[in-house]
Protein chains: 2
Amino acid sequence: MKWKELEEEPCSMARTIGVIGDRWTLLILRECFLRTRRFEGFQSALGITRHLLAERLKKLVRQGILRRVPYQESPKRHEYILTQKGLDLYPIMMAIVHWGDTHMVDERGRPLLHQHRNCGKDFDPVMVCSECGEPVLAKEVHTHPGPGARRTLTKKETPEPAPKAKPRRKAA
Amino acid sequence: MKWKELEEEPCSMARTIGVIGDRWTLLILRECFLRTRRFEGFQSALGITRHLLAERLKKLVRQGILRRVPYQESPKRHEYILTQKGLDLYPIMMAIVHWGDTHMVDERGRPLLHQHRNCGKDFDPVMVCSECGEPVLAKEVHTHPGPGARRTLTKKETPEPAPKAKPRRKAA
DNA sequence: TTTGACAGTTCAAAAATAGAACTATAAGAA
DNA sequence: TTCTTATAGTTCTATTTTTGAACTGTCAAA
């Protein structure tokens, strides 16, 4: 599977991964949410090669996640600002940070805390159900095909020549 | 920055990205949540090369995200099961899917719907504040250093030789 | 005895990334 | 005027990753 194809898969996850699913892109987006806007800012914060940075920024602009906005004439210079589509990535970023906070911290504790202006407290993100408001656990979720479905992902196009599913081995 | 170093950054996001932040790993994890457990299952569902699949599975096992469990003797065979640490990735997966559902669907609609067993309805994941229960918007969040902080990310080790920040250009 | 399922491993070729240098514009300093 | 610095890239080669395809080994069933 080529990465271009990913974006055409009938799977919202594959499509999203096709857009933001690589390490540098995720780190660039983290910087965006930390208010970095300029080429040099990204480069020095991340240590990414200038070549790759230029390429990734272009892709994010093409995808409508960042907007390239002029901030100075002669020489013309631009900064990169999150669009609404980009801002909508926030729950993904927070979910990633929260998993790291839970499973990847050392004895010193969390590197970064998040304060919710609304209530003034440091918080964790909690994923709840839009319908009943309760926290969602993986085990409580059943997936089923929606209108845009076809197959779950690539699945070799061959229509399963002979699905004979006889148990042929003794169980352990 | 090498990828090994990423995991040692004082940033929960960088550390998490070091573990799951590549395209194939995310797709493998998606398959895990769709109940795929075996090597051949992953391989045929994703079209990933066997070489990379073996490598990625090994890494996920090393990281404690998957457990390699024997399901048959002679020949010995194993399947890959999500640990609790792995199950905790669910909010990340759901956040990714939800962004795709919002921004990457075609006219046909969503490929996959998620039903919450608790309330019986198809739902969207909503990120709320653990303290006040309200949905969290990026603009309402203020980040500040926690106990494990040092710097936000790599930041060239040089301590800013001369940070003279005089405005030297006319604004646009 | 041959075939097929399963879970990998091996190896050459192609693609992506790293690292470093180079280009260009313009302001300010010497 | 010339030199240096800031910013935002581009270009080039070397290294690393990923792909694609074939190969290995165990066992069961035909």
Side-chain angles (χ1 to χ4, degrees), chain A residues 1-6 18 21-28 36-61 66 68-80 154 156 160-172, chain B residues 1-6 18 21-28 36-61 66 68-80 154 156 160-172:
Chain A
M1 180 169 25
K2 279 91 183 176
W3 288 118
K4 206 61 201 170
E5 295 169 37
L6 251 196
D22 77 285
R23 291 151 137 135
W24 284 125
T25 300
L26 287 167
L27 288 171
I28 289 168
T36 300
R37 296 157 128 76
R38 299 185 186 176
F39 192 94
E40 296 295 323
F42 291 110
Q43 205 282 318
S44 72
L46 296 173
I48 184 176
T49 62
R50 312 176 72 75
H51 179 46
L52 254 205
L53 176 57
E55 200 142 75
R56 291 291 192 272
L57 287 173
K58 251 180 224 155
K59 182 173 180 185
L60 287 168
V61 169
L66 296 179
R68 193 157 169 274
V69 181
Y71 70 89
Q72 168 190 287
E73 294 296 328
S74 85
K76 213 162 173 85
R77 299 242 185 280
H78 302 82
E79 44 190 14
Y80 296 89
T154 321
K156 291 278 189 276
E160 296 290 325
K164 46 182 168 180
K166 318 176 218 170
R168 283 136 56 75
R169 316 237 179 265
K170 60 182 170 197
Chain B
M1 178 167 31
K2 279 92 185 175
W3 287 119
K4 205 62 200 172
E5 296 169 36
L6 249 196
D22 77 285
R23 291 154 137 133
W24 283 125
T25 299
L26 287 166
L27 288 171
I28 289 168
T36 299
R37 296 157 129 76
R38 300 187 185 174
F39 192 93
E40 295 294 325
F42 291 110
Q43 204 282 319
S44 71
L46 296 173
I48 184 175
T49 62
R50 311 176 71 76
H51 179 46
L52 252 206
L53 176 58
E55 202 143 73
R56 291 290 193 272
L57 287 174
K58 251 179 224 156
K59 181 172 180 187
L60 287 168
V61 169
L66 296 180
R68 192 156 170 274
V69 182
Y71 69 90
Q72 167 189 286
E73 294 294 330
S74 81
K76 211 161 174 93
R77 299 237 186 282
H78 303 82
E79 43 190 15
Y80 297 89
T154 322
K156 290 280 189 276
E160 296 289 324
K164 46 180 169 181
K166 318 175 219 170
R168 284 136 56 73
R169 316 234 181 267
K170 59 183 173 197

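Numbered from 1 within each chain, the chains take letters A, B, ... in sequence-line order. These values consider heavy atoms only, across backbone and side chains, with no hydrogens, waters or symmetry-generated copies.
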Colleague: CD of B:Gln72 versus C1' of C:dG8: gap in Å, rounded?
Modeller: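 Going from B:Gln72 (CD) to C:dG8 (C1'), I get 14 Å.
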Colleague: Donor-acceptor check, side chain of A:Gln43 to backbone of A:Ile48, threshold 3.5 angstrom: yes or no?
Modeller: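 At least one qualifying donor-acceptor pair exists.
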Colleague: Apply side chain to side chain donor-acceptor pair (under 3.5 Å) to B:Glu55 and list each qualifying residue two or more places apart in sequence or on a separate chain.
Modeller: none
Colleague: What's touching nucleotides 10-17 of chain C from the protein side, N or O pairs under 3.5 Å?
Modeller:
| residue | atom | partner | partner atom | Å |
| --- | --- | --- | --- | --- |
| C:dT17 | OP1 | A:Arg56 | NH2 | 3.0 |
| C:dT17 | OP2 | A:Arg56 | NH2 | 3.4 |

Colleague: With a 4.0 Å cutoff (strictly under), does any side-chain N or O of B:Lys58 reach OP1 or OP2 of C:dA7?
Modeller: no
Colleague: Side-chain N or O of A:Tyr80 versus OP1/OP2 of D:dG9: is the shortest distance under 4.0 Å?
Modeller: yes
Colleague: Applying side-chain contact (heavy atoms from CB on, under 4.5 Å), name anything that partners A:Lys59, two or more places apart in sequence or on another chain.
Modeller: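 With neighbours one apart ignored, the set is A:Glu7, A:Arg62, A:Gln63, B:Arg23.
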Colleague: Just compare C:dA26, C:dG8, D:dT10 and give me whichever is closest to any side-chain atom of A:Pro75.
Modeller: C:dA26
Colleague: Quick one: B:Lys76 NZ to C:dG8 C1', roughly how many Å, whole number?
Modeller: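 Value for this atom pair: 16 Å.
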Colleague: Please round to the nearest 0.5 Å and tell me the distance separating atom OG1 of B:Thr36 and atom CD of B:Glu79.
Modeller: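 It comes to 11.0 Å.
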Colleague: Using salt bridge (charged side-chain N to carboxylate O under 4.0 Å, His left out) as the criterion, list what pairs up with B:Glu40, not counting sequence neighbours.
Modeller: B:Arg50
Colleague: List in chain and number order the residues that pass salt bridge (charged side-chain N to carboxylate O under 4.0 Å, His left out) with A:Lys76, two or more places apart in sequence or in another chain; answer none if no residue qualifies.
Modeller: A:Glu73
Colleague: Of the nucleotides D:dT7, D:dT10, D:dT26, which has the atom closest to the A:Tyr71 side chain?
Modeller: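 Out of D:dT7, D:dT10, D:dT26, the nucleotide with an atom closest to A:Tyr71's side chain is D:dT7.
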